[in-house]
2 protein chains.
Amino acid sequence: MSQSPTEEATRLELAVQLLRSRQERVTPARLAVLGVLDETREHLSAEEVVGLAAGRVPTVHRATVYRALATLGELGLVAHIHLGGSSTVYHLTVPGLPAAADHHVHLQCTRCGTVLDAPAEVMTALQSRLEQDQGFRLDPGHTALLGTCRACRSADG
Amino acid sequence: MSQSPTEEATRLELAVQLLRSRQERVTPARLAVLGVLDETREHLSAEEVVGLAAGRVPTVHRATVYRALATLGELGLVAHIHLGGSSTVYHLTVPGLPAAADHHVHLQCTRCGTVLDAPAEVMTALQSRLEQDQGFRLDPGHTALLGTCRACRSADG
DNA sequence: CTGCTTGCAAAGTGTTTGCAGGCCC
DNA sequence: GGGCCTGCAAACACTTTGCAAGCAG
């Protein structure tokens with residue numbers, strides 16, 4: 001999974017550094033949330049983060065996790081993606097790196113719910129087009145694109 | 001707005017025809033929902049439909065509207081769009097016409113919430129690319145694209 | 001110490017479901 | 001009439017908020 005273990009170990013520390021530099025408090029709850037997100041390659045729903053964070057800090061409360069996710073989001077440490085319907089999933093962002101580099105676009109099948117990944121670059125043409133035409137700066141990874149996956153297409157026609 | 005008033009008047013009737021042809025019952029509640037959507041160029045949230053439908057049929061219940069929207073959706077008379085966050089908006093679809101023809105893509109600003117329209121064709125390249133590469137059939141109008149609008153960009157930097 | 005963060009519980013949204021009665025066909 | 005559709009109320013999932021106590025800095 002990881003090519004340099006050191007880098008892995010540093011992600012959390014980087015986050016903590018950034019918290020301190022912004023005069024934000026480093027609390028067990030926030031560390032738990034960051035730790036949970038750091039250990040997953042997946043994108044987790046708020047409720048999943050609640051569950052996993054509880055595994056680390058049993059006293060951590062649902063509301064606290066939501067507040068932590070909001071705060072960390074404002075600080076740019078955590079980002080979220082809107083999937084179809086009302087589900088939102090969260091993931092860690094690496095402050096140093098350009099967002100586009102490690103981001104991919106999410107494709108969600110409206111029939112089976114599966115989420116596929118597509119390289120971020122499939123959106124670049126659209127992105128510049130929208131920016132030129134309407135002055136709209138598209139955030140490519142912020143929403144999942146909806147449609148039908150191959151499996152469901154062949155199953156249904 | 002409309003080139004032939006007759007066509008306008010017929011939209012509802014077309015919907016009713018289709019309901020009957022599918023052996024679906026034509027009830028006051030369903031007519032109210034269809035009528036509300038027919039009279040608006042806007043896309044309405046379920047709750048807005050509830051409010052407006054109540055203006056026509058005061059006894060209509062919230063749950064009934066949700067059920068009607070679901071049923072009409074399955075029949076292809078109504079479509080919905082996922083905006084950012086958890087909001088979903090509904091609109092009438094014209095059974096006869098190719099969906100792409102009168103559909104546009106929605107761009108929602110994550111700062112001010114405004115929804116802009118873009119021509120459907122901005123998505124065509126992406127659409128065929130995804131279909132070729134991953135076998136994923138993109139439904140271009142089903143999700144709003146998120147980003148920052150011109151006004152908010154200049155306000156914020 | 002100071003006051004940002006937390007835990008708790010309760011309220012808020014937006015949507016869904018079980019059931020008995022009502023109305024479309 | 002038969003059975004789908006409706007109204008009602010309650011349940012539901014997810015998220016937010018007010019408040020007092022707790023802990024980071």
Side-chain angles (χ1 to χ4, degrees), chain A residues 15-36 43-75 77-78 80-90 110 113, chain B residues 15-36 43-75 77-78 80-90 113 144:
Chain A
V16 172
Q17 276 177 34
L18 197 143
L19 278 178
R20 293 200 199 281
S21 74
R22 302 274 189 103
Q23 267 62 126
E24 287 286 337
R25 295 187 181 171
V26 179
T27 65
R30 289 176 177 181
L31 284 175
V33 169
L34 287 171
V36 163
H43 303 291
L44 303 174
S45 70
E47 216 57 32
E48 288 171 326
V49 176
V50 168
L52 292 170
R56 294 162 172 253
V57 182
T59 64
V60 81
H61 193 272
R62 183 175 270 88
T64 303
V65 170
Y66 278 95
R67 282 189 277 228
L69 287 171
T71 306
L72 296 171
E74 284 163 19
L75 294 171
L77 289 171
V78 167
H80 60 271
I81 299 161
H82 299 287
L83 299 182
S86 53
S87 48
T88 304
V89 292
Y90 297 83
T110 46
Chain B
V16 172
Q17 276 177 32
L18 197 142
L19 276 179
R20 292 200 198 281
S21 74
R22 303 274 190 104
Q23 316 315 203
E24 287 286 337
R25 296 191 179 168
V26 180
T27 65
R30 288 177 177 182
L31 284 174
V33 169
L34 286 171
V36 163
H43 302 292
L44 303 174
S45 70
E47 216 57 33
E48 289 170 325
V49 177
V50 169
L52 292 170
R56 294 162 171 252
V57 183
T59 64
V60 81
H61 193 272
R62 183 176 269 88
T64 303
V65 171
Y66 278 96
R67 282 188 278 226
L69 287 171
T71 305
L72 297 171
E74 285 163 18
L75 294 171
L77 290 171
V78 168
H80 60 271
I81 299 162
H82 299 285
L83 299 182
S86 54
S87 48
T88 304
V89 291
Y90 296 83

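Every chain is numbered from 1, with letters handed out A, B, ... down the list of sequences.
Between dG25(D) and R20(A), a contact under 4.0 Å exists linking OP1 or OP2 to a side-chain N or O. Between Y66(A) and dT15(D) there is a side-chain N or O to OP1 or OP2 distance below 4.0 Å. Distances shorter than 4.0 Å separate some side-chain N or O of T27(A) from OP1 or OP2 on dT6(C). Between R67(B) and dT6(D), a side-chain N or O to OP1/OP2 separation shorter than 4.0 Å is absent.
Across the protein-nucleic acid pair, R30(A) atom CZ and dC4(C) atom P stand 11 Å apart, rounded to whole Å. The interatomic distance linking L19(A) (CG) with dC4(C) (P) rounds to 16 Å, in whole Å. For the pair E74(A) CD and dC4(C) P, the interatomic distance rounds to 14 Å; values are reported in whole Å. Between R62(B) atom CZ and dA9(D) atom P there is a gap of 12 Å when expressed in whole angstrom units. Put simply, CD on E47(A) is 15 Å from P on dC12(D), counting in whole angstrom units. Rounded to an integer number of Å, the gap from E48(A) CD to dC14(D) P is 9 Å.
Taking every heavy atom of both residues into account, V65(B) and A46(B) meet most closely at CG1-O, 4.3 Å. Taking each heavy atom of A144(B) and L83(B) in turn, the nearest pair found is CB-CD2, 3.5 Å.
Taking 3.5 Å as the limit, the base of dC5(D) and the side chain of R25(B) contain no donor-acceptor pair of atoms between them.
In this structure, the side chains of T27(A) and T64(A) stay at 4.5 Å or more apart for every pair of heavy atoms. Contact check for I81(B) versus H43(B): side-chain heavy atoms found under the 4.5 Å cut-off.
Comparing A63(A) and A63(B) along DNA chain C, the residue whose closest nucleotide (by nearest heavy atom) sits nearer the 5' end is A63(A). Each of Q23(A) and S45(B) lies near DNA chain C, and the nucleotide nearest Q23(A) is the one positioned closer to the 5' end.
Of all nucleotides listed (dT5(C), dG7(C), dC24(C)), dG7(C) comes nearest to the side chain of H61(A).
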Where do T71(A) and L77(A) land on the side-chain contact (heavy atoms from CB on, under 4.5 Å) test, with the steps shown first? CA-CA 9 Å; T71(A) 306; L77(A) 289 171; over 6 Å; no
